[in-house]
Amino acid sequence: MTLRIHKDRLLPWAFLALPLTMYLIWVIIPVLQSLLFSLTYRDTIMYGQKFIGLANFVRLFQDPQFHLALWNNLIWLVFFVGIPIPLGLGIAMLFNQDYPGARLYKTLFYVPMTLSFAVIGTIWAWIYHPDFGALNTFLRAAHLDSWAKQWLGDKRYMTMALVFVGVWRQVPYVMILYLAGLKNVPEELVEAAMIDGANWGQRFRNVIIPMLAPATVVAVTISIIDSLRSFDIVYVMTNTKARAAEVLASYMYSSAFHYQDYGYGSAIAVIQFLITFGFIVVYVSNTLKNELQR
């Protein structure tokens, strides 16, 4: 009997052994290594390293380029939450209706999520091309020549141009989250509100929005985390050479691999990890609290 109890306890861990081992190798150990590297001066892989304590972090907060990268990440965060959340919800409400072709429209709208960032970046780099790109060509054809810009060549526009691409890809993802959430809204509640005389706005505000709270928490948290991880589009569309559009992830990459300042790049990675981890903790704690209240 005791052997059977021990076997039942060990069996789940046996199944978890491989994924936990891979997670340890590919996530936990690199995070700890980055933390150790951030406390050292390490200019190349070939040579040794020198322990310098928190000097990289002191330098970090005195670095104007780091401040710019942090500011750009804040812009990404604001737009990733401010546009995809309400727009994704509105489109989900539209697609949640039964009408001819609804399934086809959902599929077509979701297509951007099926594309890799490399493909999306390549497509939009062509769209933004100053001479033969689709955007400037359309503006010139509409006699709006003054609106045609060097979208990826002018520091005044490049960050917003990149953010727009990221938002374009994020909206379908948020839409899917809200579509799933709308399936869990009891029709009885909506019908009861209609019987009580509530108009569409009142039903939406007092019934649907509260029932979509779990989906909203997930959508907001994931959008924030995705905005902080914005590297692929910046890398593909600027090759990390546009310093004005740099974000934390791209600045970490260029510091470590372009300038071979591995300790400094690791310090940037640690700051980015701490910011992202903070949002993850808030999300997990909120999820656990909701589960315990059920």
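Count residues from 1 along the sequence. Since the model is a prediction, treat every value here as computed from it, not as a measurement.
- A single hydrophobic cluster is not seen to contain both Phe231 and Leu68; linkage of ILVMFWY side chains at heavy-atom distances under 4.5 Å, directly or through other members, places them apart.
- Residues Met211 and Pro186 have side chains in contact (heavy-atom distance under 4.5 Å, counting atoms from C-beta outward).
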| request: Please step through side chain to side chain contact (heavy atoms under 4.5 Å, CB included) for the pair Leu35 and Ser38, ending with a clear verdict. | output: CA-CA 5 Å; Leu35 180 59; Ser38 69; 4.1 Å; yes
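- Under the 3.5 Å distance criterion, the side-chain polar atoms of Ser250 are left unmatched by any main-chain donor or acceptor of Glu246.
- In Phe51, the CZ atom is crowded: over 12 heavy atoms of neighbouring residues, nucleotides or ligands sit closer than 6.0 Å.
- Remark: Leu162 CG to Ile233 CD1 distance equals 7.5 Å, nearest 0.5 Å.
- Using cut-offs of 30° and 60° for the angle between ring planes, the Tyr128 and Trp124 rings count as tilted.
- Salt-bridge check for Arg169 with Asp226: failed, with every basic side-chain N at 4.0 Å or more from each acidic carboxylate O.
- Between the side chain of Asn56 and the main chain of Tyr41, no donor-acceptor pair closer than 3.5 Å is present.
- Panel note: side chain Asn96, backbone Leu179; no donor-acceptor pair is recorded below 3.5 Å.
- Contact check for Asn136 versus Trp151: side-chain heavy atoms found under the 4.5 Å cut-off.
- Atom CD1 of residue Ile225 and atom CD1 of residue Ile280 lie 4.5 Å apart, to the nearest 0.5 angstrom.
- Contact detail for Pro84 and Phe79: the closest heavy-atom pair is CD-O, 3.0 Å.
- Not one N or O on the side chain of Lys155 forms a donor-acceptor pair closer than 3.5 Å with the backbone of Leu152.
- Residues Leu248 and Phe66 have side chains in contact (heavy-atom distance under 4.5 Å, counting atoms from C-beta outward).
- Classified by interplanar angle (parallel below 30°, tilted 30° to 60°, perpendicular above 60°), the ring pair Tyr253/Phe257 is tilted.
- Hydrophobic clustering, with ILVMFWY side chains joined whenever heavy atoms are under 4.5 angstrom apart, keeps Met158 apart from Met237.
- Put simply, the side chain of Tyr178 reaches to within 4.5 Å of the side chain of Thr216, judged on heavy atoms.
- Tracing side-chain contacts under 4.5 Å through hydrophobic residues (I, L, V, M, F, W, Y), one reaches Ile25 starting from Leu18; they form part of the same cluster.
- Here CG of Asn72 is found 10.5 Å from CE of Met160. Values are rounded to the nearest 0.5 Å.
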| task | Decide side chain to side chain contact (heavy atoms under 4.5 Å, CB included) for Leu189 and Val185; before the verdict, give the C-alpha distance in whole Å, the side-chain angles of both, and the deciding distance to 0.1 Å. | result | CA-CA 8 Å; Leu189 289 178; Val185 177; 5.7 Å; no
| field | Criterion side chain to side chain contact (heavy atoms under 4.5 Å, CB included) on Thr159 and Trp71, from CA distance to verdict | value | CA-CA 11 Å; Thr159 294; Trp71 174 252; over 6 Å; no
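- For Pro30 against Leu24, the heavy-atom pair with the smallest separation is CD-O, 4.2 Å.
- A distance of 13.0 Å separates CZ of Arg140 from CZ of Phe138, quoted to the nearest 0.5 Å.
- Leu108 and Val119 are not part of a single hydrophobic cluster, where members link through side-chain heavy atoms under 4.5 Å apart.
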| task | Please step through side chain to side chain donor-acceptor pair (under 3.5 Å) for the pair Asp63 and Tyr251, ending with a clear verdict. | result | CA-CA 11 Å; Asp63 182 0; Tyr251 190 37; 2.4 Å; yes
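- Not one N or O on the side chain of Gln150 forms a donor-acceptor pair closer than 3.5 Å with the backbone of Pro130.
- Hydrophobic clustering places Leu70 together with Phe61 (ILVMFWY residues linked when any side-chain heavy atoms are closer than 4.5 Å, directly or through intermediates).
- One finds the CZ atom of Arg229 at 9.5 Å from the CD1 atom of Ile222 (value rounded to the nearest 0.5 Å).
- Ala215 and Gly181 get closest at one heavy-atom pair: CB-CA, 4.4 Å.
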| Given the rule in the side chain to side chain contact (heavy atoms under 4.5 Å, CB included) test, do Phe37 and Val270 qualify, once you have shown the distances and angles that lead to the verdict? | CA-CA 10 Å; Phe37 287 166; Val270 169; over 6 Å; no
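- The minimum heavy-atom distance linking Ile224 with Val81 is given by the pair CG1-CG2, 3.7 Å.
- Nearest heavy-atom pair, Ala249 versus Ser230, reported as atom, atom and distance to 0.1 Å: CB-O, 4.2 Å.
- Within the 4.5 Å cutoff, no side-chain heavy atoms of Ile52 are placed close to those of Leu39.
- The minimum heavy-atom distance between Val247 and Ala69, with the atom names listed, is C-CB, 3.6 Å.
- Here the side chains of Ile176 and Tyr110 are in contact, with some heavy-atom distance below 4.5 Å.
- Atom CZ of residue Arg243 and atom OG1 of residue Thr238 lie 10.5 Å apart, to the nearest 0.5 angstrom.
- Contact check for Leu89 versus Phe204: side-chain heavy atoms found under the 4.5 Å cut-off.
- Residues Leu94 and Phe109 have side chains not in contact (no heavy-atom distance under 4.5 Å, counting atoms from C-beta outward).
- A 6.0 Å sphere centred on CE of Met194 holds no more than 12 heavy atoms belonging to other residues, nucleotides or ligands.
- Remark: the backbone N or O of Ala118 is not paired with any side-chain donor or acceptor of Asp232 at under 3.5 angstrom.
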